[in-house]
Amino acid sequence: MKSIRTRFAPSPTGFLHLGSARTALFNWAFARHHGGTFLLRVEDTDHDRSTLESEAAVLEGLRWLGLDWDEGPFRQSERSDRHRAAIASLIASGRAYRCVCSKDSLEERKNQDLASGGNGLYDGRCRDLTLGADCGDHTVRIRLPQEGALAFDDLVFGPSGQDASQIGDAIIQRSDGTPLYNLAVVVDDIDMEITHVIRGADHHPNTPLQVAIYQALDAEPPFFAHVPLIVGESGKKLSKRRDNVSIQEFQEEGQLHEALVNWIVRLGWSHGDDEVFSLDDIARLFDLDHVGRSAARAEPAKLQWLGQHYIKGLKNDELFQRVKPFLEEIAEQPVQDSPGLSHLLDALRERSHTLMEMAEQTRWLIRDEIEYEEKAVQKHLRPVSIPLLQALRTRLESVETWDEGQLERAFEHVAEQEGGIKMGKLAQPTRVAVTGRAVSPGIYETLVAIGRERCLARLGAGLSIAEARAAAQTGS
RNA sequence: GUCCCCAUCGUCUAGUUGGUUAGGACACCAGCCUUUCAAGCUGGCGACACGGGUUCGAGUCCCGUUGGGGAUGCCA
């Protein structure tokens, strides 16, 4: 059997899209699984919409996800000679013909046909005119068989195809002489010896036409595998306007690429009851047999869970490197690793789904000035807390080594001394005093991360706030 | 309108020669733990769209209905 060759063929008209990313992943995985070749081809035959920036963004997205390619990127626009030659030979053999119908006329005839109960296909007006190259402005159309099945055996959907009578003669070359997608994609897949075309199911209805083009070119079609669509909240095909689909956007909000890959691979593919897959796992296990046929809704909840799962598994130094850009965004200055920060990040693993979430929760450590949240202050820095915080501060001043064990003993001592109060009565006001918030990791971890001097200073600040509030209450 | 496709818990899915108390994960709810929030542990809720047929037996096969989606471009 021939060695397997797959390709990812994005159109560079925006960022790498969630659905495209999954298509890329499946192509990559299929090639890797079978020891084949995965190549990249940029489908930029639409000059008006294609940009180099988009192309760069797409490549960067693929790299970030960890999808490496073996050949390319090729640009379809650089292969127009091949496309032209193919079109010329199709015209020469009578399998394609020139068409001088104007857009307006086409539109009008189509609407008329539809109105009178027709199916709106091209009416074939120029089909038998045998127009020469001197016919003026013209497009080129493929001459389809009048009847008979244009069939293919889809690796996901099974036997597929339509009767040729259901498809109109499609334009394969614009009036400006440039080739159209349906022609270019077939010529390129032939030239690049693609064995398996794995793409979104939105191409499924389009494939019979391409099968016809293969036939016209006397070429053997590849295997096709159409992957069911990923849909948004609306249940409709993902759209850039409606849904968050930009891979780069996911990256910017601090998602882990491992989580994103794991998330999308399970949208349409499964391996028994397994849920967690690394790229290596995917390369090892992926096959088309277990790709489903129904559309999948992209729900972020599972992505969140996966994000935390992978955060938990990161080594400390790598965790720091990955979260660093987000920390610096919060700190508004360079952030160095330190035992305190490292310890805090460790504690934040089980409290974060994304790197951004994690960074946000270090605010009280990596910025010198903290902001006191109004609600936290009202709830916990109350008059009743004042003597407790005072006693605690005194006690903490004399703690020998600032570690969790000693801090715990200090807290227990103060709680006991203040009448056997519940730890929450002491811990919560302290937490608010040193972080400004009612939520943080364990109080001892929190205090250790901040360090003795800053803790004592913030305890003082918290006390001042509590005292000011008490005074205001008595005064009124 | 025409053509094509799809249909298992809220979501992602397991189910691959018809025989299962229809399984898992996420989410949700409850309890435990507890200095907050999480995490963790335990338990719970929850699905074969509907109607026919084939069969001793149907989530699995066939037909229809309904619902959803895709295509129908001088986009890809």
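The figures here come from the full heavy-atom set of this structure, side chains too, leaving out hydrogens, waters and symmetry mates. Throughout, protein chains are lettered first and strands after them, A, B, ... in sequence-line order, and every chain is numbered starting at 1. Being a predicted model, the structure only gives us computed values, none of them experimental.
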Original post:
Nearest 0.5 Å, what's the CG-OG1 distance between A:L327 and A:T362?
Top reply: 5.0 Å

Original post:
Do A:K240 and A:D243 meet the salt-bridge criterion of a basic N to acidic O distance under 4.0 Å?
Top reply: no

**OP:** Can you tell me the distance, in whole Å, between the CD atom of A:Q304 and the P atom of B:C12?
**Re:** 17 Å

Subject >> Main-chain N/O of A:C101 paired with A:S105 side-chain donor or acceptor, under 3.5 Å >> reply: no

**OP:** Take atom CG of A:D153 and atom C1' of B:C5, then tell me their distance rounded to the nearest Å.
**Re:** 15 Å

Original post:
Hey, does A:H226 reach any base, or is it just sugar-phosphate, or nothing, if we go heavy atoms under 4.0 Å?
Top reply: nothing

Side-chain donor-acceptor pairs under 3.5 Å in residues 407-419 of chain A, sequence neighbours left out?
| residue | atom | partner | partner atom | Å |
| --- | --- | --- | --- | --- |
| A:H413 | NE2 | A:R395 | NH1 | 3.2 |
| A:H413 | NE2 | A:Q417 | OE1 | 3.3 |

Original post:
Can you tell me how far C1' of B:C4 sits from CZ of A:F224, to the nearest Å?
Top reply: 15 Å

Subject >> Inter-nucleotide C1' distance (B:G31, B:C50), Å rounded >> reply: 40 Å

Do any N or O atoms of the protein come closer than 3.5 Å to N or O atoms of nucleotides 18-24 of chain B, and which pairs are they?
| residue | atom | partner | partner atom | Å |
| --- | --- | --- | --- | --- |
| B:G23 | N2 | A:D273 | OD1 | 2.8 |
| B:G24 | N2 | A:E275 | OE2 | 2.7 |

Subject >> Whole-Å distance separating the CG atom of A:L209 from the P atom of B:U2 >> reply: 22 Å

**OP:** Go along nucleotides 32-51 of chain B 5' to 3' and tag each nucleotide: B for a protein heavy atom under 4.0 Å from its base, S when only backbone or sugar atoms are that close, - otherwise.
**Re:** ---BBBBSS-----------

Original post:
Taking atom P in both B:G57 and B:G52, what distance in whole Å separates the two?
Top reply: 15 Å

Original post:
Using purine N1 to pyrimidine N3 plus N6-O4 or O6-N4 for Watson-Crick, or N1-O2 and O6-N3 for G-U wobble, each under 3.5 Å, what pairs with B:U2?
Top reply: B:A71

Original post:
Taking atom P in both B:C48 and B:A7, what distance in whole Å separates the two?
Top reply: 16 Å

Subject >> P spacing across the pair B:G64 / B:A76, given as an integer number of angstrom >> reply: 36 Å

Original post:
Any chance the side chains of A:T178 and A:D176 put a donor and an acceptor closer than 3.5 Å?
Top reply: yes

**OP:** For A:S20 and A:L16, indicate whether the former's side chain and the latter's backbone hold a donor-acceptor pair under 3.5 Å.
**Re:** no

Original post:
Going by an N to O cut-off under 4.0 Å, is there a salt bridge joining A:D44 and A:R49?
Top reply: no

At a cut-off of 3.5 Å, list every protein nitrogen or oxygen paired with a nitrogen or oxygen from nucleotides 69-75 of chain B, distance to 0.1 Å.
| residue | atom | partner | partner atom | Å |
| --- | --- | --- | --- | --- |
| B:G69 | OP1 | A:K236 | NZ | 2.8 |
| B:G70 | OP1 | A:K237 | N | 3.4 |
| B:A71 | OP1 | A:K237 | NZ | 2.8 |
| B:G73 | OP1 | A:K110 | NZ | 2.4 |
| B:C74 | O2 | A:S175 | N | 3.0 |
| B:C74 | O2 | A:S175 | OG | 3.0 |
| B:C74 | N3 | A:S175 | OG | 3.0 |
| B:C74 | N4 | A:C101 | O | 3.4 |
| B:C75 | OP2 | A:R174 | NE | 2.5 |
| B:C75 | OP2 | A:R174 | NH2 | 2.5 |
| B:C75 | O3' | A:R174 | NH2 | 3.4 |
| B:C75 | O2' | A:D46 | OD2 | 2.5 |
| B:C75 | O2' | A:R49 | NH2 | 2.8 |
| B:C75 | O2 | A:R49 | NH2 | 3.0 |

**OP:** Let me know the distance between CG of A:L183 and P of B:A76, rounded to the nearest Å.
**Re:** 11 Å

Subject >> A:R7, A:R82, A:R41, A:R75 screened by salt bridge (Lys or Arg N to Asp or Glu O under 4.0 Å) with A:D188, the one that passes >> reply: A:R41

Original post:
Roughly how far apart, to the nearest Å, are B:G15 and B:U21 at atom C1'?
Top reply: 16 Å

Original post:
Given atom CH2 of A:W269 and atom P of B:A25, what is their separation to the nearest angstrom?
Top reply: 17 Å

Check: protein-nucleotides 7-10 of chain B nitrogen or oxygen pairs below 3.5 Å:
none

Original post:
Do A:W269 and A:F277 have ring centres separated by under 6.0 Å?
Top reply: yes

**OP:** Can you tell me, in whole Å, how much space there is between the P of B:C32 and that of B:A49?
**Re:** 39 Å

Original post:
Is there a donor-acceptor pair under 3.5 Å between the side chain of A:E78 and the backbone N or O of A:F74?
Top reply: no

Subject >> Set of salt bridge (charged side-chain N to carboxylate O under 4.0 Å, His left out) partners for A:D113, sequence neighbours left out >> reply: none

Original post:
For A:L267, which contact category applies under a 4.0 Å heavy-atom criterion: base, sugar-phosphate, or nothing?
Top reply: sugar-phosphate

Original post:
Taking the nucleotide of RNA chain B with the closest heavy atom to each, which residue, A:A9 or A:P159, is nearer the 5' end?
Top reply: A:P159

Original post:
Between A:S270 and A:P10, which is nearer to the 5' end of RNA chain B once each is assigned its nearest nucleotide?
Top reply: A:S270

**OP:** Identify whether the distance between the nearest side-chain nitrogen and carboxylate oxygen of A:E275 and A:R266 falls below 4.0 Å.
**Re:** yes

Original post:
Between B:U72 and B:A58, how far is it from one C1' atom to the other, in whole Å?
Top reply: 37 Å

Original post:
Is it true that A:E299 and A:K302 make a salt bridge, defined as a side-chain N closer than 4.0 Å to a carboxylate O?
Top reply: no

**OP:** Would you tell me whether A:R431 and A:S440 have side-chain atoms, one donor and one acceptor, within less than 3.5 Å of each other?
**Re:** yes

Subject >> Whole-Å gap separating P (B:C26) and CZ (A:F277) >> reply: 14 Å

Original post:
What is the distance, rounded to the nearest whole Å, between atom CG of A:L150 and atom P of B:C4?
Top reply: 13 Å

Original post:
Roughly how far apart, to the nearest Å, are B:A22 and B:C3 at atom P?
Top reply: 40 Å

**OP:** Report the C-alpha distance between A:R437 and A:T446 in whole Å, list the side-chain angles of each, state the deciding distance to 0.1 Å, and finish with yes or no for side-chain hydrogen bond (donor to acceptor under 3.5 Å, both in side chains).
**Re:** CA-CA 12 Å; A:R437 304 175 175 193; A:T446 299; over 6 Å; no

Subject >> Watson-Crick/G-U partner (both atom distances under 3.5 Å) of B:C41 >> reply: B:G31

**OP:** Look through every strand shown and name the nucleotide pairing with B:G57 as Watson-Crick or G-U wobble, where both distances are under 3.5 Å.
**Re:** none

**OP:** Could you tell me if the ring centre of A:W28 sits under 6.0 Å from that of A:F8?
**Re:** no

Original post:
According to the Watson-Crick and G-U wobble definitions, with both distances under 3.5 Å, which nucleotide is paired to B:A7?
Top reply: B:U66

